**Student:** 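Sharing a structure below in structure tokens format, with a few things to ask.
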Amino acid sequence: MNANDNNAELAPSPAENGGQATPEPQRTKGVDSARRALQILLEFSEQMPELTVDNILEKHDISVPSAYRYISLLRELDLIEERDKGRFVLSPQVLRLSRAAEATMDFRTLVQPILDTMAEETGETALYLRRVNDSAVCLAIAKSDHPISISFQPGNRMPLHGGAGAKLLLSELTPSKLAQYFNRLVPALSAPAQKKLETDLETLRTTGYAESAGEVDHGVWASAASVHTNGTLVGALTIVAPDYRLSDERKTEIARSVRAGAEEFRSALDGRRR
């Protein structure tokens, strides 16, 4: 990242200390074939809306007959279809799954105007994060108009132990769940790093507010506040910005906007439940 380049975006990237540790996913036994089929399905993306057998063979250590067998299963379930000879795309059936996912994220309709206000007030990018398993996931965003801004999209995921908003989400885990999270990290955190993080999380759990500098991306500062309704954590609001253009006074202003946004979001959620 070069903070002096015009029209640049600061994209999420591994930390300079060799990259963030990530949790090793728990593997369910006896479902290897189902896992492989779902892994192939998850290869589809905006960047790769079509797949060929060659694409699948490049990413997965399987035989050609096995690749065709998984494709046949996904076609049988009407999850993919063959658009041209040997080129497969997602079927319209997937839109139903997308709508079901959106239905579980309807907080976006409440939070988006709040994020828009935060971004307008501060001139920086505002995000709504929620925990999904071992990741913090961006569900909504209001982008900065600055030539140099933070590149992020709804659906982006990040580890829970780096960055202000993500650590607030991690702080809500029970001691046993937190221990399991640390056990799944690959590579594992060093003992001193884990001890410091556990101490930090105790403070974050009490204050509901966090700041970070360079924990996820070099040169990026973040301010975040957690949001609870009826005693349940529903996520965190955060503002992220290049550190070089933020004075201490600006950071204080951003922190004030983040806290106000979190309180407004909480009030909107509480009002909807009445």
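All values reported here derive from a predicted model rather than from experimental measurement. Sequence positions, counted from 1, serve as the residue numbers for this chain.
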**Student:** Can you confirm whether the side chains of Ser66 and Ser63 place a donor and an acceptor under 3.5 Å from each other?
**Tutor:** yes

**Student:** Salt-bridged, Asp243 to Lys251, with N to O below 4.0 Å?
**Tutor:** yes

**Student:** Is it true that Arg250 and Glu253 make a salt bridge, defined as a side-chain N closer than 4.0 Å to a carboxylate O?
**Tutor:** yes

**Student:** Checking Ser257 against Glu121: is there a side-chain donor and acceptor pair closer than 3.5 Å?
**Tutor:** yes

**Student:** How close do Leu237 and Ala262 get, heavy atom to heavy atom, and via which atoms?
**Tutor:** CD1-N, 3.6 Å

**Student:** Under the 3.5 angstrom rule, does the side chain of Thr238 hit a backbone N or O of Ser223 as a donor-acceptor pair?
**Tutor:** yes

**Student:** In terms of side-chain geometry, is the basic nitrogen of Arg245 or Glu124 positioned less than 4.0 Å from the acidic oxygen of its partner?
**Tutor:** yes

**Student:** Please name the pair of heavy atoms, one in Arg35 and one in Thr28, separated by the smallest distance, quoted to 0.1 Å.
**Tutor:** NH2-O, 2.6 Å

**Student:** Looking at every heavy atom in both Gly162 and Lys167, which two are closest together, and how far apart are they?
**Tutor:** N-CG, 4.0 Å

**Student:** Check this for me, if you would: do Arg266 and Asp270 make a salt bridge, where the nitrogen-to-carboxylate-oxygen distance has to be below 4.0 angstrom?
**Tutor:** yes

**Student:** Taking atom types as modelled and ignoring hydrogens, do the side chains of His60 and Tyr70 form a donor-acceptor contact shorter than 3.5 angstrom?
**Tutor:** no

**Student:** Do you know which two heavy atoms are closest between Ala210 and Leu168, and how far apart they sit?
**Tutor:** CB-CG, 3.9 Å

**Student:** Can we say Glu43 and Lys59 salt-bridge, meaning some charged N sits less than 4.0 Å from an Asp/Glu carboxylate O?
**Tutor:** yes

**Student:** At what distance, to the nearest 0.5 angstrom, does CZ of Phe182 lie from NZ of Lys177?
**Tutor:** 15.0 Å

**Student:** Here's one to test your reading of the geometry: is the NZ or CZ of Arg75 within 45 degrees of the ring axis of Phe88 and under 6.0 Å from its centre?
**Tutor:** no

